[in-house]
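Residue numbers count from 1 along this sequence. What's counted below: heavy atoms across the whole structure, side chains too, no hydrogens, waters or symmetry copies. Just so it is clear, the structure is predicted and the values come from calculations on it, not from any experiment.
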Amino acid sequence: MDSSTVAFATVPTRLGDVLAAVTADGVAATHFRDGGRVRARISARLGMPAADDPDRTAAVREELAAYFRGELKEFRAPVDWRLMSPLQRQVLGTLHATVPYGEVVTYGELAARSGTGVPARAIGSIMGGNAIPIIVPCHRVVASNGLGGFSGGDGVESKRWLLTLEGHLPPTLDWDL
């Protein structure tokens with residue numbers, strides 16, 4: 001495995017073709033849409049050329065597919081945090097480690113839990129900058145009075161769908177999970 005490249009995998013889901021970018025250290029990015037510009041932007045941010053390496057991406061591809069089928073509750077693929085600032089890593093790392101499948105935390109609770117001193121309103125910006133949505137589950141962070149925002153996929157509707165998949169929200173009549 002070439003440690004100076006990034007390999008990409010795509011998983012077709014109800015929310016679109018989810019893209020995963022995997023370095024030698026782990027999953028560095030996910031995106032709700034696949035495409036040449038998205039891949040080029042991720043490669044440029046990582047400073048790594050893309051490589052065709054299905055062996056490197058096989059585990060995360062299968063985990064994402066199993067998650068979207070409702071069969072996986074905990075991702076085991078290693079996370080490569082290199083696209084995160086130290087503050088983002090502390091907040092998102094706390095989220096990743098302490099908010100399991102099917103549970104949610106409010107922006108304020110995550111702010112307190114992370115020990116960063118970041119105000120609750122700034123947590124939303126950190127969630128919006130999450131390079132690894134789904135695996136680092138920013139969709140599990142909600143407002144104290146509702147779902148709050150979401151910048152991935154189709155916005156709040158994608159967040160609602162993910163929280164329904166995880167059983168936190170009841171299914172609506174027009175959704176197939």
Side-chain angles (χ1 to χ4, degrees), residues 1-97 99-102 124-141 149-166 175-177:
M1 175 181 351
D2 185 347
S3 63
S4 63
T5 62
V6 59
F8 293 97
T10 303
V11 177
T13 77
R14 297 264 303 136
L15 298 180
D17 290 339
V18 172
L19 177 69
V22 185
T23 67
D25 295 329
V27 181
T30 54
H31 200 278
F32 283 89
R33 302 284 183 267
D34 191 2
R37 288 195 312 220
V38 173
R39 290 178 182 223
R41 189 173 65 241
I42 292 169
S43 289
R45 285 189 65 205
L46 289 167
M48 297 176 166
D52 183 22
D53 191 346
D55 291 340
R56 186 188 313 175
T57 61
V60 73
R61 188 173 49 247
E62 179 48 41
E63 284 192 0
L64 283 166
Y67 171 81
F68 279 97
R69 288 190 306 264
E71 299 169 0
L72 181 83
K73 305 230 183 311
E74 182 179 347
F75 288 97
R76 288 184 166 61
V79 172
D80 179 343
W81 297 97
R82 76 179 75 205
L83 293 178
M84 315 286 183
S85 71
L87 178 62
Q88 287 173 312
R89 180 160 199 275
Q90 186 170 349
V91 171
L92 291 165
T94 300
L95 170 66
H96 185 252
V99 184
Y101 185 97
S125 294
I126 292 171
M127 295 304 105
N130 179 11
I132 316 170
I134 303 165
I135 293 173
V136 177
C138 53
H139 61 278
R140 296 180 190 153
V141 183
F150 193 66
S151 59
D154 292 324
V156 174
E157 286 309 308
S158 293
K159 183 176 192 171
R160 184 183 316 278
W161 192 92
L162 292 167
L163 291 174
T164 302
L165 172 72
E166 294 187 7
W175 281 356
D176 291 326
L177 289 178

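Taken from CG in Leu92 to CD1 in Ile132, the straight-line distance is 8.0 Å, to the nearest 0.5 Å. For the atom pair CG (Leu163) and OH (Tyr101), the distance works out to 10.5 Å, reported to the nearest 0.5 Å. In this structure, CG in Asn130 is found 8.0 Å from OG in Ser151, a value given to the nearest 0.5 Å. One finds the OG1 atom of Thr23 at 12.0 Å from the CD1 atom of Ile42 (value rounded to the nearest 0.5 Å).
Evaluation of the ring-ring contact (aromatic ring centres under 6.0 Å, His included) test over residues 77-97, restricted to residues two or more places apart or in two chains, returns Trp81-His96. Here salt bridge (Lys or Arg N to Asp or Glu O under 4.0 Å) pairs that include residues 28-37, with residues two or more places apart or in two chains, are Arg33-Asp154, Asp34-Arg39.
Annotation: side chain of Leu95 is in contact with side chain of Met127 (closest heavy-atom distance under 4.5 Å). At least one side-chain heavy atom of Leu162 sits under 4.5 Å from a side-chain heavy atom of Tyr67.
Applying the side chain to side chain contact (heavy atoms under 4.5 Å, CB included) rule to Thr13 yields the partners Val11, Leu15, Val18, Phe68; only residues at least two apart in sequence or on another chain are considered. The salt bridge (charged side-chain N to carboxylate O under 4.0 Å, His left out) test applied to Glu63 returns no partner, not counting sequence neighbours. Taking Arg61 as the reference, nothing meets the salt bridge (charged side-chain N to carboxylate O under 4.0 Å, His left out) condition, with sequence neighbours excluded. Residues passing the salt bridge (charged side-chain N to carboxylate O under 4.0 Å, His left out) test with Arg82 are Asp25, Asp80, sequence neighbours excluded. Under the side-chain hydrogen bond (donor to acceptor under 3.5 Å, both in side chains) criterion, Arg89 pairs with no residue at all, not counting sequence neighbours. Shown here are the side chain to side chain contact (heavy atoms under 4.5 Å, CB included) partners of Ser85, two or more places apart in sequence or in another chain: Leu87, Gln88. Residues satisfying the side chain to side chain contact (heavy atoms under 4.5 Å, CB included) test with Ala7, not counting sequence neighbours, are Asp53, Arg56, Thr57.
Pairing each heavy atom of Pro49 with each of Ser43, the nearest pair is C-OG, 4.5 Å. The heavy-atom pair separating Pro12 from Thr10 by the smallest distance is CD-O, 4.0 Å. When all heavy atoms of Leu83 and Ala28 are compared, the closest pair comes out as CD1-O, 3.6 Å.
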Extract all donor-acceptor atom pairs below 3.5 Å that involve side chains of residues 70-78 and protein atoms in other chains or at least two apart in sequence.
{"residue": "Glu71", "atom": "OE1", "partner": "Arg69", "partner atom": "NE", "Å": "3.0"}
{"residue": "Glu71", "atom": "OE1", "partner": "Arg69", "partner atom": "NH2", "Å": "3.0"}
{"residue": "Glu71", "atom": "OE2", "partner": "Arg69", "partner atom": "NE", "Å": "3.3"}

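With Thr30 contributing its side chain and Pro133 its backbone, the two residues share a donor-acceptor pair below 3.5 Å. At distances below 3.5 Å, at least one donor-acceptor pair connects side-chain atoms of Lys159 with backbone N or O atoms of Val141.
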